[in-house]
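Structure first, then comments.
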Amino acid sequence: MNALIESDVEAIASNVERMRSIAGTDAIVVVKANGYGHGALLAAEGALRGGAVQLAVADIGEALALRSAGIQSPLLAWLHSARADFAAARDADIDVGVSSLRQLERAGECGSLHVHLKFDTGLGRNGIPLAEWDAVIARAHALQSAGRLRVTGLMSHLAGAGSEADDWQRVRFAEAISAAERLDADVTHLCASAGTLDSMSGSLARFGVSAYGLDPDGHDADGSVAGDLRLRPALRLTAPVRGGRLAYGYRHGLLTTDVPVLIGDRRIAIVEASANESRLDSPVDGTAVLIGSAENGEPTAGEWAAAAGTINYEIVTRLSPAIERRAA
Ligand SMILES: *Cc1c(COP(=O)(O)O)cnc(C)c1O
């Protein structure tokens, strides 16, 4: 018996619907990092059931894996190493986010790739720097006119760093959209979960963490923020216990021993942990819930995050890919 992750595809679908209705727009749903730990394919299924018009991942490899697994929806990947395979993206009908003139030239060489220009609007990472906007837009226009590619989207990433910085980025993004008007892109997207909840701008929302019922601010120990938004946690992590030995340790994704696990209706502390297992404060047998829903008295990703001094995103994305994922 091993640790198990059960991912609630229906909960993801319902969260996506809820976020779409809050945004008042269609949505690109982010399923990077193995679907925020839920399993990329299960996350993709939930997102599509919830009405996502496109799925997004960080790199082309993740997108190709979704295609091979049978996902037929529009896909977008925006983070590319120098060796990223744009031709494979074109062949698999994957849209590519472009963050520099160099990437744009590589996209143009493929012929017929669909491109989302990704502008840096103040975050200062992975986006076309302001000084290059004009050159990239002019070159994109030339390549598009020559039939070498199509600019289908304009995008940027809102940090959610606080309202003043966000306002600045929103203004910058509006400038990018107007500078790129002649490209006649179909969609514009800026807001991830926090930005969508704060004040939606752009023609599509592009959220991840909220789709999984997790608090977009990352610090919601009791699950109340997500609960107030009527988002449902979608991940349940359990592991077997024998004689107080829990089959879960650091190599599975454990970050701290400071959160008690739930067995039956008892919360039992973790006394010590190693790579492969942990010892509990009682010689019990059964199944321990490590991550579940606060409503049921189960520990949450937010509770682990608070105890470990990090955000819920890190808790769920650290869960080892070796753990079996199953639909709930
Ligand atoms: C991860 C990511 C998102 C989703 O952000 P959430 O805060 O999880 O909603 C959106 N856009 C980009 C570029 C990202 O890297």
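None of these values were measured; they are calculated from a predicted model. Order of appearance sets the numbers: ligands from 1, and atoms from 1 within every ligand.
S193 OG, 2.6 Å is the protein heavy atom nearest to atom 9 (O) of ligand 1. Among all non-hydrogen protein atoms, the one lying nearest atom 5 (O) of ligand 1 is A192 CB, 3.3 Å. Protein heavy atom nearest atom 11 (N) of ligand 1, with residue, atom name and distance: R206 NE, 2.9 Å.
The contact set between ligand 1 and G208, taken as ligand atoms under 4.0 Å from a residue heavy atom, comprises 4 (C), 6 (P), 8 (O), 9 (O). For ligand 1, the atoms lying closer than 4.0 Å to a non-hydrogen atom of K32 are 1 (C), 2 (C), 3 (C), 14 (C), 15 (O). Atoms of ligand 1 found under 4.0 Å from any heavy atom of V30, numbered from 1 in the order shown, are 3 (C), 4 (C), 10 (C). Which parts of ligand 1 touch F207 is read off a 4.0 Å heavy-atom cut-off, strictly below it: atoms 9 (O).
Judged purely by distance below 3.5 Å, without hydrogens or angles, the side chains of T152 and D186 never pair a donor atom with an acceptor atom. Checked by atom type, the side-chain pair N2/E324 shows no donor-acceptor distance below 3.5 Å. With no hydrogens or angles considered, a side-chain donor-acceptor pair links S201 and R170 at under 3.5 Å. N276 and R251 are linked by a side-chain donor-acceptor pair at a separation below 3.5 angstrom, with hydrogens and angles left out of the test.
Partner of T121 under the side-chain contact (heavy atoms from CB on, under 4.5 Å) criterion, chosen from R172, M155, H157: R172.
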Step by step, would you call Y313 with Y36 a ring-ring contact (aromatic ring centres under 6.0 Å, His included)? CA-CA 7 Å; Y313 174 83; Y36 288 56; 5.1 Å; yes
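Using a 4.0 Å heavy-atom cutoff, Y36 is listed among the residues neighbouring ligand 1.
With a 4.0 Å cut-off on non-hydrogen atoms, H157 touches ligand 1 through its side chain and not its backbone. When heavy-atom distances to ligand 1 are checked against a 4.0 Å cut-off, V209 comes that close through both its backbone and its side chain.
Taking CZ of R106 as the reference point, atom OG of S100 lies at 8.5 Å (rounded to 0.5 Å).
For K118, no nitrogen or oxygen atom sits less than 3.5 Å from a nitrogen or oxygen atom of ligand 1, counting backbone and side chain alike.
In summary, E298 and R236 engage in a salt bridge, as defined by a charged side-chain N under 4.0 Å from a carboxylate O.
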